[in-house]
Each structure stands twice: as structure tokens, then as C-alpha cells.
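Have a look at the structure below, then the notes.
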Number of protein chains: 2
Amino acid sequence: MTVTDPLPTAARRRPSPDPSLASDVRIAVNRLSRTLRAQKADTTVSDAQFSALALLHREGAMSLADLSRREGVTPPSMTKTVTALLDRGLLTKDGHGDDRRKVLLCPTADGDDLVTETRQRRDGWLTPRLAALTPAERKTLTAATDILRRLAAQ
Amino acid sequence: MTVTDPLPTAARRRPSPDPSLASDVRIAVNRLSRTLRAQKADTTVSDAQFSALALLHREGAMSLADLSRREGVTPPSMTKTVTALLDRGLLTKDGHGDDRRKVLLCPTADGDDLVTETRQRRDGWLTPRLAALTPAERKTLTAATDILRRLAAQ
DNA sequence: TATTGTTATACTCTATAACTATA
DNA sequence: TATAGTTATAGAGTATAACAATA
């Protein structure tokens with residue numbers, strides 16, 4: 001992944017008021033991310049397969065080149081992932097119509113179900129733990145989530 | 001792992017305090033973690049290698065069994081990772097002393113430097129971006145970091 | 001010629017099973 | 001017998017290079 005995006009202009013002007021905040025945020029985010037990853041317990045499909053399937057579920061059918069570009073892997077690598085999903089009956093592969101070189105990859109009903117169920121299971125670990133927080137803490141997390149998302153998008 | 005999932009339809013209907021919060025937190029945390037992980041100081045060391053080295057740097061020397069347990073991989077897998085780190089001069093492997101079956105793995109000066117530099121680089125990416133936020137946003141992140149840490153510890 | 005997708009090949013990280021040295 | 005670590009082997013997932021079919 002390339003991470004050479006330029007800094008926002010404002011970032012070059014203001015001094016950091018709390019030098020330890022960066023470390024604190026980084027460590028907290030990495031630890032929780034690791035904990036969440038450990039809750040997957042999804043034995044049916046691998047991470048790479050689920051990620052590709054979820055993208056198709058979310059954005060609809062697309063070609064192999066588009067899928068590999070969106071997932072940040074090479075076409076040969078995506079061919080392998082797609083083959084595994086086809087073998088498991090989670091995808092269909094059809095002609096693209098206008099361009100006979102292209103294929104159109106689309107989740108099956110089983111594929112759509114798997115995405116929905118897996119997502120609910122992954123949220124399922126976190127949901128009761130968030131419910132155990134105070135309303136004020138949840139409000140803080142809601143606001144922080146938006147900030148974290150903006151940081152990750154840079 | 002996909003990190004840009006939209007809200008699950010079911011989550012919008014659930015009568016919890018904030019049904020979408022679990023998805024939002026999970027996605028935001030995973031995305032930022034992924035972005036931060038990409039800020040490596042040394043591209044010759046893989047993620048698995050850096051993760052093991054950073055654990056030894058943080059917690060001090062330990063045996064291969066302890067290291068593999070803490071990293072959540074099997075001993076044979078950790079043997080490979082450790083061998084690569086030894087070959088790169090980032091670790092030392094010595095006898096454990098009391099039990100001659102055990103080994104004691106310890107970062108070298110170069111290993112410690114690599115961890116420190118990588119950490120500074122990752123903080124260095126985040127610090128100016130945090131400085132570009134408003135004081136209220138930084139206050140929110142400070143409070144959220146504590147909550148995230150407690151969640152990760154469960 | 002350029003693009004789409006596949007095959008061939010190789011490297012890394014992971015695992016299980018079987019081995020050795022020691023306790 | 002049990003434990004610590006290694007070696008052997010295999011399965012994913014990734015990559016680059018080379019190819020066929022199509023535009």
C-alpha cells in the first residue's frame with residue numbers, strides 16, 4: 001500500500017499540543033484491531049475471499065480487473081481468489097456482454113447470505129461490549145469513529 | 001479484510017442505543033490500523049517479523065514457546081520468523097540457563113533501533129494529522145483511546 | 001498495439017506431523 | 001512421559017513473467 005499522501009496544509013502549521021496522543025491512539029487502535037481480527041472464527045472462507053465477495057456484495061457485479069484494482073491485488077492473484085469462490089458456489093462468472101474479453105463477477109444468493117451473516121457475527125462480539133458502556137462513553141466513541149475514519153482516509 | 005463496509009441493514013433496525021456503532025467502530029479501527037501498519041521504517045522486515053521483534057522489544061527476552069503463544073502462531077511458524085530475524089542480525093538466541101531445552105530470544109541493538117525508528121515513523125505520520133484537528137476533536141480522541149484500550153483488553 | 005484474463009513459477013506465512021534433545 | 005524447539009511437508013495468498021483472446 002502506498003502511503004505517500006501529502007500532509008494537509010493545516011498540519012504543517014500547527015504544533016502538536018500533546019505528543020503522547022499519537023502513540024496512545026496508535027497503540028489503542030492496533031490492539032483493538034487485533035482483538036477484533038481474532039474474533040473472526042470464519043472457517044468457510046478466507047480473509048481475501050471474504051473481502052472480494054463483500055466488495056461485490058456492496059458494489060454489485062464487476063470485472064476481474066476492476067475487482068483486483070479495488071482490492072489492491074494483481075489480476076493473477078484475484079483469479080485464484082475468484083476461482084475459490086466459484087468452486088464454493090458463492091459467485092457466478094458470466095460474459096460481460098459488450099466486451100468479450102471481460103467477465104462479470106456477481107455474488108450468488110449464498111454469497112450474499114454469507115456476507116450478511118459474517119458481518120453480523122463480527123459485529124456480534126463488539127455489540128454487547130458497547131452496550132455495557134455508559135451513554136456518555138458511547139457518545140464519545142461515535143464522535144471518535146468519525147475522526148478515525150477521516151484520519152484513515154488521508 | 002474489507003474495511004469499507006456500509007451499515008448492515010439489520011443493524012439499522014435493532015433497538016439498541018446506537019445499532020450501527022459496532023460496525024462503525026470496527027470499520028474505522030480496522031482502516032486506521034491498516035493505514036498505520038503501512039508506515040514501516042524498513043521494508044526488508046515483514047509484518048510477522050516486525051510484530052515478533054516489537055513484542056520482544058516491549059516485553060523483554062522470552063523463549064520461543066512464549067513468543068509463539070503471545071503472537072498467536074505455532075512454534076514451527078515462529079521458528080521461521082525468528083530464523084529470518086536472526087539472519088538479519090535483529091535478534092540474538094541464547095541458552096535459557098536453567099532449562100537447556102529453552103532458548104532466550106532478545107533484540108540486538110539494531111533490532112531495538114528498528115522498532116524505535118518504526119514507531120517514531122508511525123507516530124510521525126499521525127502526529128501532524130492530529131495537530132490539524134480541533135482541540136475538541138483531540139479531546140474526544142483522548143477519551144476514546146481509553147475506551148478502545150479497555151475494549152481491546154477484554 | 002493495448003487490454004483482459006489465465007497459466008507457470010516462486011516466495012512468504014501459516015499449519016500439522018514427526019523428530020531430537022532435555023526434563 | 002512430557003516439554004522445548006526444529007525439520008519436513010503442504011496449503012493459502014501474494015507477486016512477476018509470459019501467454020491467448022479480443023479490442
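Since we're looking at a predicted model, the values are computed, not measured.
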*Those residues of residues 56-63 of chain B lying under 4.0 Å from DNA chain C by at least one heavy atom*: none
*Hey, is the side chain of B:Q49 poking within less than 4.0 Å of OP1 or OP2 on C:dC13, counting only N and O atoms?*
yes
*DNA chain C contacts among residues 78-89 of chain B, heavy-atom distance under 4.0 Å*: B:K80, B:T81
*Treat each ILVMFWY residue as a node, draw an edge where side-chain heavy atoms are under 4.5 Å apart, and state whether A:L104 and A:L67 are in one component.*
no
*Check whether any side-chain heavy atom of B:V115 sits under 4.5 Å from a side-chain heavy atom of B:R119, and report yes or no.*
yes
*Measuring from A:E71:CD to A:L64:CG, what's the distance to the nearest 0.5 Å?*
11.5 Å
_Any residue of residues 93-102 of chain B with a heavy atom less than 4.0 Å from an atom of DNA chain D_ = B:K93, B:R101, B:K102
_Verdict with supporting geometry, B:R122 and B:T118, side chain to side chain donor-acceptor pair (under 3.5 Å)_ = CA-CA 6 Å; B:R122 290 178 182 182; B:T118 300; 6.0 Å; no
_Of the listed nucleotides (D:dT14, C:dA15, C:dT14), which one gets closest to any side-chain atom of B:T74?_
C:dA15
_If I take atom NE2 from residue B:H57 and atom CG from residue B:L91, how far apart are they, to the nearest 0.5 angstrom?_
12.5 Å
*Output, in order, the C-alpha distance, side-chain angles, deciding distance and verdict of side chain to side chain donor-acceptor pair (under 3.5 Å) for A:T145 and B:D24.*
CA-CA 7 Å; A:T145 295; B:D24 288 346; over 6 Å; no
_Looking at B:W125, I'd like to know if the NZ or CZ of B:R121 sits under 6.0 Å from its six-membered ring centre while staying within 45 degrees of the ring's axis._
no
*Does any N or O in the side chain of B:T79 come within less than 3.5 Å of the main-chain N or O of B:P75, such that one atom is a donor and the other an acceptor?*
yes
*Check ion pair A:R150-A:D146 (N to O, under 4.0 angstrom)*: yes
*Whole-Å gap separating C1' (C:dG5) and CG (A:D66)*: 13 Å
*Specify the residue among A:R69 and B:G72 whose closest nucleotide of DNA chain C lies further upstream toward the 5′ end.*
A:R69
*To the nearest angstrom, how far is A:L91 atom CG from C:dG5 atom P?*
14 Å
*Side-chain heavy-atom pair B:T142, B:K139 within 4.5 angstrom cut-off*: no
*A:A65 or B:V73: which one's nearest nucleotide on DNA chain C is closer to the 5' end?*
A:A65
_Steps toward side-chain contact (heavy atoms from CB on, under 4.5 Å) verdict (A:M62, A:K102)_ = CA-CA 9 Å; A:M62 64 181 75; A:K102 293 184 180 177; over 6 Å; no
*Starting at atom CG of A:L64, determine the distance to atom C1' of C:dT7, rounded to an integer number of angstrom.*
13 Å
*Among C:dT14, D:dA15, C:dC13, which nucleotide sits nearest the side chain of B:S46?*
C:dC13
